[in-house]
Amino acid sequence: KMTKEEFSKLINLIEKSYPKQKELNNTQKGVFFMALKTYSLEACATAFLTHTQESEWKPQAPVLLLKHLNHSNIQIEKHLKDFLQRKDVKDPIAIRVYQMLGGLSLNKTLEKDYERLRDKFVEMYRNEKIKEDFSNLPITAKKKLIELV
């Protein structure tokens with residue numbers, strides 16, 4: 001989760017990246033914070049740097065960053081359900097997370113423990129996705145991100 005101090009760093013990165021465009025107002029910043037506060041600073045900064053590769057415009061709404069913040073939970077959870085039903089899963093990140101959590105031994109998970117397993121799977125998937133997204137960024141973007149953190 002992002003703290004208010006970390007959020008200020010993110011907004012500062014966004015504003016400095018587009019110095020000729022109008023600054024975000026306090027309402028916009030508040031909406032961004034409410035939408036992004038459950039994500040880490042690193043994840044949001046990576047999403048922003050990905051946005052800069054697709055658009056010359058400063059993001060004016062959180063959705064422009066959220067779309068880069070991984071798959072939706074529903075899709076991630078579907079991967080876990082598919083594993084537990086012994087269906088074929090093609091997503092390499094999901095496969096990696098499934099193996100890290102114990103692979104086939106997860107099929108013995110009791111129903112009462114499923115919610116905790118699901119939450120852990122989603123969290124680990126997101127972390128792996130962030131690592132992958134970061135490693136795919138250009139070196140100049142990585143340097144900006146490292147300076148931010």
Side-chain angles (χ1 to χ4, degrees), residues 1-84 87-103 106 109 113-149:
K1 292 190 174 197
M2 191 170 7
T3 65
K4 288 187 178 183
E5 294 78 28
E6 290 172 329
F7 178 73
S8 293
K9 288 181 180 181
L10 177 67
I11 290 296
N12 192 37
L13 173 70
I14 292 171
E15 297 294 5
K16 286 184 175 182
S17 297
Y18 296 94
K20 295 182 179 180
Q21 294 181 26
K22 186 178 176 187
E23 286 195 13
L24 298 171
N25 63 41
N26 286 337
T27 301
Q28 288 172 304
K29 290 176 186 177
V31 171
F32 267 88
F33 182 69
M34 294 306 293
L36 300 175
K37 69 181 180 180
T38 60
Y39 297 92
S40 70
L41 171 62
E42 293 82 6
C44 292
T46 300
F48 170 67
L49 293 173
T50 302
H51 169 81
T52 64
Q53 296 169 12
E54 297 177 356
S55 176
E56 61 186 279
W57 300 103
K58 180 190 301 185
Q60 297 292 316
V63 69
L64 297 171
L65 298 184
L66 289 169
K67 72 178 185 174
H68 297 294
L69 280 168
N70 313 315
H71 297 314
S72 71
N73 283 358
I74 294 168
Q75 182 58 48
I76 298 170
E77 290 172 22
K78 183 182 180 321
H79 290 316
L80 177 60
K81 287 178 182 174
D82 286 348
F83 280 123
L84 297 178
K87 293 182 180 175
D88 192 30
V89 176
K90 300 279 190 222
D91 185 318
I93 296 173
I95 294 168
R96 193 165 56 243
V97 170
Y98 179 70
Q99 293 302 324
M100 290 185 330
L101 286 172
L106 297 179
T109 302
D113 298 324
Y114 175 75
E115 187 175 318
R116 191 178 71 228
L117 172 62
R118 181 199 64 213
D119 293 347
K120 186 69 175 168
F121 187 87
V122 169
E123 177 187 354
M124 288 177 69
Y125 185 100
R126 286 182 169 207
N127 288 339
E128 289 297 309
K129 179 75 171 131
I130 290 166
K131 287 180 200 173
E132 186 176 278
D133 289 347
F134 182 80
S135 68
N136 291 331
L137 288 173
I139 291 174
T140 54
K142 286 180 185 178
K143 285 181 181 178
K144 278 187 184 179
L145 180 58
I146 289 168
E147 289 171 7
L148 171 70
V149 181

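Everything numeric in this text was worked out from a predicted model, so none of it was measured.
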**Prompt:** Hey, what do you get for CG (Leu106) to CG (Asp113), rounding to the nearest 0.5 Å?
**Reply:** 11.0 Å
**Inter-residue atom distance Thr3.OG1 - Lys9.NZ, 0.5 Å rounding** = 8.0 Å
**Message:** Any salt bridge linking Lys58 with Glu15? Criterion: basic side-chain nitrogen under 4.0 Å from a carboxylate oxygen.
**Reply:** yes
**Request:** Taking all non-hydrogen atoms of both residues into account, name the closest pair between Ser40 and Ala43 and its distance.
**Result:** OG-N, 3.0 Å
**Request:** Starting at CG of Asp91, measure out to CD of Glu128 and round the result to the nearest 0.5 Å.
**Result:** 11.0 Å
**Message:** Would you say CD of Glu115 has more than 12 non-hydrogen atoms from neighbouring residues, nucleotides or ligands within 6.0 angstrom?
**Reply:** no
**Prompt:** Checking Glu6 side chain against Glu42 main chain: does a donor-acceptor pair fall under 3.5 Å?
**Reply:** no
**Shortest non-hydrogen contact from Cys44 toward Leu10** = CB-CD2, 3.7 Å
**Complete:** Output for pair (Trp57 CH2, Leu64 CG), nearest 0.5 Å, gives 13.0 Å
**Asked** Can you check whether Leu36 reaches Leu66 side chain to side chain, under 4.5 Å on heavy atoms?
**Response** yes
**Prompt:** Can you tell me how far the CG atom of Leu117 sits from the OG1 atom of Thr109, to the nearest 0.5 Å?
**Reply:** 4.5 Å
**Request:** Indicate the atoms forming the closest heavy-atom contact of Met2 with Phe33, along with that distance.
**Result:** O-CE1, 4.1 Å
**Prompt:** Looking at Pro59 and Phe48, what are the two nearest heavy atoms and their distance?
**Reply:** CD-CE1, 3.9 Å
**Request:** Tell me, yes or no, whether the heavy-atom count around Lys29 atom NZ, taken from other residues, nucleotides or ligands under 6.0 Å, exceeds 12.
**Result:** yes
**Asked** Going by heavy atoms in the side chains, are Tyr114 and Leu84 under 4.5 Å from each other?
**Response** yes
**Inter-residue atom distance Leu24.CG - Phe32.CZ, 0.5 Å rounding** = 5.5 Å
**Asked** Relative to the ring of Phe83, is the ring of Tyr98 parallel (under 30°), tilted (30 to 60°) or perpendicular (over 60°)?
**Response** parallel
**Prompt:** Can you name the one residue among Lys81, Glu77, Glu123 that meets side-chain contact (heavy atoms from CB on, under 4.5 Å) with Arg118?
**Reply:** Glu77
